[in-house]
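To find a chain, count down the sequence lines: A is the first, B the second, and so on, and within it residues start at 1.
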Amino acid sequence: MMTLLPVDMMRILPEIILSVFAVLVMLLEPFVRGASKKLLGWLALLGVLAAAGSTVRIWLYPWPGMGTAFGGSVSADEFSFFFINLFLLVAGLVILGSMDYLERNHADHGEFYALTLMGTVGMCFMAASTDLIMIFLGLEISSIATYILAGYRRDDRLSNEAALKYFLLGSFATAFFLYGIAFVYGLTGTTNLLGASTRMGAPGQWTAFAQAGLILMFVGLAFKLSTAPFQIWAPDVYQGAPAPVTAFMSVGPKAAAFSVLIRIFLGSFTSANALSMKILWISAALTMCVGNLGALWQSNVKRLLAYSAIAHAGYVLVGVAAGGSKGISGVMYYLTAYALMNVGAFLLIAYLAGPDEQRVEIKDYHGLATERPAVAACLTVFFLSLAGFPTTAGFLGKFYLFRAAIHSHLVGLTILALLNSAVSVYYYFKIIVAMYMNEDKTECASVTLPWPVRAALGVSVVGIFYLGLAPNDFMGLTLIASTSLFK
Amino acid sequence: MVPLSHYLGLSAILFILGAAGFVFRRNIITVFMCIELMLNAVNLAFMAFSRFLGNLDGQIFVFFVIVVAAAEAAVGLAVIIALHRHRPSLNIEDVDSMKM
């Protein structure tokens, strides 16, 4: 009989707070009427802030301190707390940006915020778990919430289609992940990552059966990461889902899957290094090429950014392949930068698209700079950062990733990544050129940006420049977080 | 006693059948059931390992998988119903509003 200790509860405090607020939002939903439904959004935001505060509390004070909880199935360490705060940042920005979006599209408020919080709980558990059962549960909590969010505009054909495709391929991927776990369990007799990796300590133990298990787990995660050749669902789902939801799921679940990938492949099963290197190398190379080449032909902005999201997953995989605390801290820095620029871009696109997301083609943005210079400048910052322009976070992120890759002697992969970044400049500039070098009148000029959205965009833009110009403090934080993985 | 390899063989066959059905079947409900088949193949593997290792972790895992599969089914069927309201058929090839 395992007794429940206060220490255990304290170490999963962020997840508890988020769950409580999610339930609270749902409970209060029927009591709030009409225009005040937005209050639920502020309540959800309060929950996000409280959860972030609780991580700071645990990080700074000696009690309960860092360590494992619930018999070693959850670990409160700097690594998981870094990712938890990243998910909270994404959730906060998305909630800020979607309050007026929901109102404009006559969608229900309460469920949206509750599902966003629940999805975040799942992602937090993914990052914090050190037991395969908990990782699986976290993965499913976040997935099921995002399946519903993808189909949130129920009367829209595209949104339905996105939900179906995401759901079918997501559950298909889960089955692979589970089958991989079954193999690992069969070999080691435990689902605990620490126990399993101790028992698989020597490279010679990785028989064909064990390797199959590891590959199956990678395939399962690769679907969530949208890495080639398992990226087929991503363009359709990102295009069809409501834009704020796309902002959420193109960053959150992806970063969570990266945290699991790092914990399993770099933190635990280090003895299988030869195999995981091969998998990561091939996957990174394929993903970058597929994403960038696919994006070149797109005329729909959401679909273009979907392909760009695939390409960015490829860049991050380069950092994972590089490994070590340098590679991992690079991955963490890049994921934060990517969160800021991608969420910002999708939130702005959500508002420019107008009611029922009518205007999402590149040609709709013609002449935006003459009529709404501030909006165009904001979008330009996001695209420049995505393209990896100096002074932005995207540039330094790529720099840290590729430097780590060079240090790990992945020269071929780094050259491929650099070539790919050069290609990506073309399609980002296609949109910037459309905004600045056209005299057409654009219908997008009529949009109003409510102040919560402005606040979210402001946070993104300031964050991009802060990370791009003064990265040292943040880089120190990612180094602390990444070394805690190897303790 | 039936050896472990038999259970694992059956589990692998079921998993492959499910995966093949997912790729080749056209009806959305059938595709969904193929996923359930894959999950149950995994459950069988967990049960077999658990029995032969003499350790209960695998059986606990099976319970979690069943619970999660039920939650997934609830969401999945709701998604399929919402989709069916806009389309006359449940053929997966008709779900193609978004093309390159």
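- Scanning all heavy atoms of the two residues, the minimum distance from A/Ser171 to B/Ile35 falls at CB-CG2, 3.7 Å.
- Shown here for B/Glu72 and A/Tyr147, the closest heavy-atom pair between the two residues is OE2-OH, 4.3 Å.
- With a 6.0 Å radius and a threshold of 12 heavy atoms from other residues, nucleotides or ligands, A/Arg199 has its CZ atom above the threshold.
- Distance CZ/B/Phe63 to CD1/A/Ile133: 12.0 Å, rounded to 0.5 Å.
- Residue A/Glu161 touches chain B through both its backbone and its side chain, counting heavy-atom pairs closer than 4.5 Å.
- Chosen from B/Val95, B/Ile28, B/Asn43, the residue pairing most often with chain A at heavy-atom distances under 4.5 Å is B/Val95.
- More than 12 heavy atoms of other shown residues, nucleotides or ligands fall within 6.0 angstrom of atom CZ in B/Arg26.
- When heavy atoms are compared at a cutoff of 4.5 Å, A/Phe167 approaches chain B solely by way of its side chain, counted from C-beta outward.
- Considering all non-hydrogen atoms of both residues, A/Thr190 and B/Asp57 come closest at CA-OD2, 4.2 Å.
- Counting heavy atoms from C-beta outward, A/Thr191 and B/Ile60 have side chains that stay 4.5 Å or more apart.
- Interface residue B/Phe46: backbone and side-chain heavy atoms are both found under 4.5 Å from chain A.
- In terms of modelled atom types and a separation under 3.5 Å, the side chain of B/His86 and the main chain of A/Leu158 share no donor-acceptor contact.
- Residue with the most contacts toward chain B among A/Ala175, A/Gly240, A/Ala182: A/Ala182 (heavy-atom pairs, distance under 4.5 Å).
- Looking at A/Phe209, the atoms closer than 4.5 Å to chain B (heavy atoms on both sides) all sit in the side chain, from C-beta outward.
- Of the two parts of A/Phe176, the backbone and the side chain both hold a non-hydrogen atom closer than 4.5 Å to a non-hydrogen atom of chain B.
- Considering NZ of A/Lys165 and CD1 of B/Ile92, their distance stands at 8.5 Å, rounded to 0.5 Å.
- With a 4.5 angstrom heavy-atom cutoff, B/Ala19 touches chain A via backbone and side-chain atoms both.
- With a 6.0 Å radius and a threshold of 12 heavy atoms from other residues, nucleotides or ligands, B/Phe52 has its CZ atom above the threshold.
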Expected list for residues 5-12 of chain B: side-chain donor-acceptor pairs under 3.5 angstrom, two or more places apart:
residue : atom : partner  : partner atom : Å
B/Ser11 : OG   : A/Tyr179 : OH           : 3.2
B/Ser11 : OG   : B/Ala41  : O            : 3.1

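- The shortest non-hydrogen separation linking A/Asn160 to B/Val79 is O-CG1, 4.4 Å.
- Summarising the local packing, OH of A/Tyr426 is surrounded by 12 or fewer heavy atoms from other residues, nucleotides or ligands at distances under 6.0 Å.
- Summarising the geometry of A/Ile144 relative to B/Ala71, their closest heavy-atom pair is CD1-CB, 3.8 Å, with the distance given to 0.1 Å.
- For a residue to count as touching a neighbouring chain, one of its non-hydrogen atoms must lie under 4.5 Å from one of that chain's; by this rule B/Leu4 does not touch chain A.
- Applying the side-chain contact (heavy atoms from CB on, under 4.5 Å) criterion to B/Leu53, with sequence neighbours excluded, gives A/Tyr185, B/Phe49, B/Asn55.
- Enclosure of atom CZ in A/Arg359 by more than 12 non-hydrogen atoms of other residues, nucleotides or ligands within 6.0 angstrom is indicated.
- The most heavy-atom pairs under 4.5 Å with chain A, out of B/Val31, B/Ile80, B/Val65, come from B/Val65.
- Residue A/Ile141: no heavy atom, backbone or side chain, is found under 4.5 Å from chain B.
- Contact annotation for B/Phe22: only side-chain heavy atoms (C-beta onward) come within less than 4.5 Å of a heavy atom of chain A.
- Interface summary for chain B: among A/Leu164, A/Asn300, A/Leu187, the most heavy-atom pairs under 4.5 angstrom belong to A/Leu164.
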